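Quick notes on the structure that follows.
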Amino acid sequence: MRKIISFMHISLDGFVAGPNGEMNWIKVDEEIFDHVGKRTSETDTALYGRVTYQMMENYWPTAGDEPDASKHDIEHSKWYNKAHKIVLSKTLQGADLANTTIISDSVADKLNEIKQQPGGEILLFGSPTATHSLIQRNLIDGYWLFVNPVILGRGVPLFADIQERIKLKLLNTRQFNAGVTALDYTVEN
Amino acid sequence: MLVIRGTIRETLPEENKKSNQMRKLTFAINTSLDGYCDHTNFFPDEEIMEYFTNITRNADTFLYGRKTYQLMVPYWPDVAKNPSGDDREVDIEFAKVFDAVGKIVVFSRSLDSAEDKKTRIVRTGLQNEVLKLKQEQGKNMMTGGVNLASQMAELGLIDEYYLLVHPIVVGGGTRLFDGINLQEKLQLKLVESTVFKSGVVALRYLKQ
């Protein structure tokens, strides 16, 4: 069965954004992009909440075409345009969007159906609100976290309203020169 | 995907290694992935006990809040003096190293008296007291627990952070750095990460 993997940049105190949505503390560089790109290229499916999807949609379709596009821009733009995009939203209309499935109800059933289909990992990029709701429905199978060397004090937590303990198994770690540590977990059932 | 089979340690070059005239305040704690630190969540295995023991070897002073103090003392000094059949070798070694630390400063408004002669109770003036202690000659100072450490992090007093992240999300309890009021976010520098067989990751940071 395919797995839904939550991909997040987090602060050392477990926040994915500051109190006003700030994300300027997140460190990314070529080394991190290459690492992320490798795993991303092994699948063709992305999952987003509405807000993150709209941010992505505003940038990635053409990011690779800009004159100052970086290697990462070109690669991820290409990947994004080809990828099957699953968006969780009650309000988005978009039956005509290419490669895009919008899920507005029966989220668990529909995602479980997609998980049964053949294919690679389903990467849930950012999207804290969608992530909270999927965690509560036990739909997240793994966490791929990029721990930034910063304490924010306040903000939007990755884990919110957890009802039951989640036992994890550490698969892999990676330390980057930027001071970021990637922690790769799978959820143990 | 690589599977973790043993202890793996990665380090990054430490800058500013030139001898600082002031000694460091080191903070070390076990935490869940979601930042909850209640000690009942964790059972420190032998690798983790040894890791804490080695950090403690560099210290000659403990700074504690009341709760952590009462959790540690007289428990560990007793293990050092009279180990029982239940204590592992690693527990006894930690107890000895703990007991060898010469000075304990407890920051508490409510604690009436200390358990032993090496403990001093301080009621107010956390920042001044810690700055004064840092200027004294000696090895590093070490702290643990959540409330006092969060206050000291807020005041920028902690020089070195060891977070031992356990592979569990617990969802509630005492959260590290909860609601601390930072003028500016606290930027740290990663110097080392150690992965244990249990899936615990020890992250070591220095204050910038």
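The model shown is predicted, which means the values in this text are computed figures rather than measured ones. So that the names make sense, note that chain A is the first sequence line, chain B the second, and so on, each numbered from 1.
- Only the side chain of A:Leu183 has a heavy atom closer than 4.5 Å to any heavy atom of chain B.
- Under the 6.0 Å cut-off for aromatic ring centres, A:Trp79 and A:His84 do not qualify, their centroids lying 6.0 Å or more apart.
- Interface residue A:Val180: only backbone heavy atoms are found under 4.5 Å from chain B.
- By number of non-hydrogen pairs under 4.5 angstrom with chain B, the leading residue of A:Gln175, A:Lys167, A:Glu188 is A:Gln175.
- B:Lys197 has no carboxylate O lying under 4.0 Å from a charged side-chain N of B:Asp45, or vice versa, which leaves the two without a salt bridge.
- Not less than 6.0 angstrom separates the ring centroid of B:Phe62 from the ring centroid of B:Tyr69.
- By number of non-hydrogen pairs under 4.5 angstrom with chain A, the leading residue of B:Val165, B:Leu182, B:Val200, B:Leu176 is B:Leu182.
- Note on B:Arg88 versus B:Glu93: no salt bridge recorded, every NZ/NE/NH1/NH2 to OD/OE distance being 4.0 Å or above.
- A salt bridge links B:Asp60 with B:Arg23: at least one charged nitrogen is closer than 4.0 Å to a carboxylate oxygen.
- For chain A, no part of B:Glu154 is nearby; none of its heavy atoms comes within less than 4.5 Å.
- Residue with the most contacts toward chain B among A:Leu168, A:Leu152, A:Ile135, A:Asp13: A:Leu168 (heavy-atom pairs, distance under 4.5 Å).
- With a 4.5 angstrom heavy-atom cutoff, A:Phe176 touches chain B only via backbone atoms.
- With a 4.5 Å cut-off on non-hydrogen atoms, B:Phe177 touches chain A through its backbone and its side chain both.
- Residue A:Leu158: no heavy atom, backbone or side chain, is found under 4.5 Å from chain B.
- In this structure, A:Lys85 forms a cation-pi arrangement with A:Tyr80, its terminal cationic atom sitting closer than 6.0 Å to the ring centre and no more than 45° off the ring axis.
- The cationic atom of B:Arg204 (NZ for Lys, CZ for Arg) does not lie both less than 6.0 Å from the six-membered ring centre of B:Tyr51 and within 45° of the ring axis.
- For the set A:Val150, A:Asn148, A:Ile151, the entry with the most heavy-atom pairs within less than 4.5 Å of chain B is A:Ile151.
- With chain A as partner, the option from B:Ser32, B:Gly179, B:Gly35 having the largest number of non-hydrogen pairs under 4.5 angstrom is B:Gly179.
- Interface residue B:Val170: backbone and side-chain heavy atoms are both found under 4.5 Å from chain A.
- Side-chain contact between B:Lys96 and B:Val79: absent, with no pair of heavy atoms (C-beta onward) separated by less than 4.5 Å.
- Per-residue counts of heavy-atom pairs under 4.5 Å with chain A were compared for B:Ser198, B:Gly172, B:Pro167; the largest is that of B:Pro167.
- A salt bridge is defined here as a Lys NZ or Arg NE, NH1 or NH2 lying under 4.0 Å from an Asp or Glu carboxylate O, and A:Asp141 with A:Arg2 fails to meet this definition.
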